[in-house]
Amino acid sequence: MYWNKSCETMPRERLKEVQLERLQVMVNRIYHEVPFYRDRFQEMGILPTDIKSLEDLQKLPFTTKVDLRDNYPYGLFAAPLEKIVRIHASSGTTGKPTVVGYTRKDIANWADMMARCLVATGGNEHSVIQNAYGYGLFTGGLGVHYGAECLGASIIPISGGNTQKQMMLMKDFGSTILTCTPSYAIYLAESLKENGIDPESLNLQAGIFGAEPWSENIRKEIEKKLKIKAYDIYGLSEIMGPGVAIECEAQSGLHVWEDHFIPEIIDPNTLEVLPYGEQGELVITTITKEGIPILRYRTRDITKIIAEPCECGRTHLRISRLQGRTDDMLIIRGVNVFPTQIESVLLEIGEVEPHYQLVVRRDGSLDTLEIKVELSEELFSDRISGLEELERRIRDRIGSIIGISSKITLVEPKTLPRSEGKSQRVVDLRNI
Ligand code: DLL
């Protein structure tokens, strides 16, 4: 099932024509409307008329989060404020947030793409969508909300947190789709179990999870615990919000809506564009945005482009499950480690819960990694002995799969912090 069949299944040749036309219009617009880009073009000796093919995109400058910050709040907007109908912002860890603005058309396009996402994961006008993404400056809540209304589904704007109420509404309102972060989905699943609510007794059929990296093993865990199909959704506020890319029912890669965005993969060190299939940093250009069009945004997210046709019939390229962010990547004694790789190993071993925290310290000149993992309730109550053996098993497995030594600390169930939104899994105590 498709929401916008002609767009979603457009032959690739036609899609490329549409992209080029839109790219040319967009480049021309930002050149004239956004002094920041005009200056960059002039420094590089480029004119909008130099963009004659999609390959010419590679001639254009990148945009980074720093550029958005430096132009805080409205410096990169290409439309005057009277045309902006919504403003979102994402809070960084330091300093000012990054601010994005949407025109009426931008909001309509976003809702259309989000409706495509909901339909791709089995949603329709009968769906009852429990939206536990946060409402507010974060794009998750309102992004999903407008998509659901556009589709004609029934949306429950419960926002994040308030787990008791989430469970009550899920049961009483007969929610069929849950939307939240994967870490909150796990937490909700545990809470249902503790409250004696059998997921089989609910109407829940699917979950659409994103906003943070998660592994394939967490997907299996969520699907098992909630008895649903769990789909991956990707997006970022600088580009739009949720719905930039979505898994279809094939659950193998996320389709990027290419009639609105052009994805590229670059080597983050050399900035060279990599061929399809190679892993690197995702770079996205918006080609229809009016409020804040963005040229070649360096997302810092690590993935690869899958160019093979998908069994679902959508022609838009897929990206593979996001591995993590270049800035979340830990370099421990020279080895690159993503928290999701550790998560995957932990879940494969079983006997522990998918709640963990990575603590990195510097001991003299040596980096050390401690992995705190929660024991499962069952194991905690009936097996105090043998824990050392389990710790050793986890340590050996991490050592052989990821190639680093670590200290494993098994902790009591429910002692690591839970999150209602994006989880914080790394504590880096190195002063570097
Ligand atoms: O997280 C938008 C969103 C809301 C996406 C709800 C999906 C669902 P930001 O707060 O700007 O926007 O954060 C964007 O989150 O660059 C990735 O690092 C990460 N991220 C988002 N989706 C995924 C995903 C929203 N499916 C940043 N897998 C992005 C891994 C994700 N990481």
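Start at 1 and go down the list; that is how both ligands and their atoms are numbered. Predicted model only: the values in this text are computed from it and were never measured.
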Among protein heavy atoms, which sits nearest to atom 1 (O) of ligand 1, and what does the distance come to when rounded to 0.1 Å?
K422 NZ, 2.8 Å

Distance filter under 4.0 Å to Y133 heavy atoms, resulting ligand 1 atoms
6 (C), 8 (C)

Any donor and acceptor pair, going by atom type alone, linking the side chain of S201 with main-chain N or O of I197 inside 3.5 Å?
no

Residue portion contacting ligand 1 (non-hydrogen atoms closer than 4.0 Å) for T139
side chain

For G210, take its heavy atoms, then give the atoms of ligand 1 lying under 4.0 Å from any of them.
7 (C), 8 (C), 26 (N)

Out of all atoms in ligand 1, which are within 4.0 Å of some heavy atom of G140? Include the element for each.
4 (C), 6 (C)

Whether the Q205 and T176 side chains hold a donor-acceptor pair (N or O, under 3.5 Å, no angle test) is what I'd like checked.
no

Got a sec: does the NZ of K414 have more than 12 other heavy atoms crowding it under 6.0 Å?
yes

For atom 2 (C) of ligand 1, which of the options C180, G243, G235 provides the nearest non-hydrogen atom?
G235

Is it possible for you to check whether R86 lies under 6.0 Å from the centre of the six-membered ring of Y146, through NZ or CZ, and within 45° of that ring's axis?
yes

Tell me whether S237 has any N or O atom under 3.5 angstrom from an N or O of ligand 1.
yes

Decide whether an N or O pair under 3.5 Å exists between D301 and ligand 1.
yes

Side chain or backbone of L322 under 4.0 Å from ligand 1, or both, or neither, by non-hydrogen atoms?
side chain

From the options I302, T299, I233, L282, select the one whose nearest heavy atom is closest to atom 24 (C) of ligand 1.
I233

Between E343 (side chain) and S215 (backbone), is there a donor-acceptor pair under 3.5 Å?
yes

Using a strict cut-off of 4.0 Å, indicate which atoms of ligand 1 neighbour a heavy atom of D232.
24 (C), 26 (N)

With the threshold set at under 4.0 angstrom, would you say R321 reaches ligand 1 through any of its heavy atoms?
no

Could you tell me whether the side chain of Y37 and the main chain of L295 form a donor-acceptor pair under 3.5 Å?
yes

Short side-chain to backbone donor-acceptor contact, S423 and S419, under 3.5 Å
no

Polar side-chain atom of N217 near backbone of L347 as donor-acceptor pair, under 3.5 Å:
no

Any nitrogen or oxygen of A211 lying under 3.5 Å from a nitrogen or oxygen in ligand 1? Just yes or no.
yes

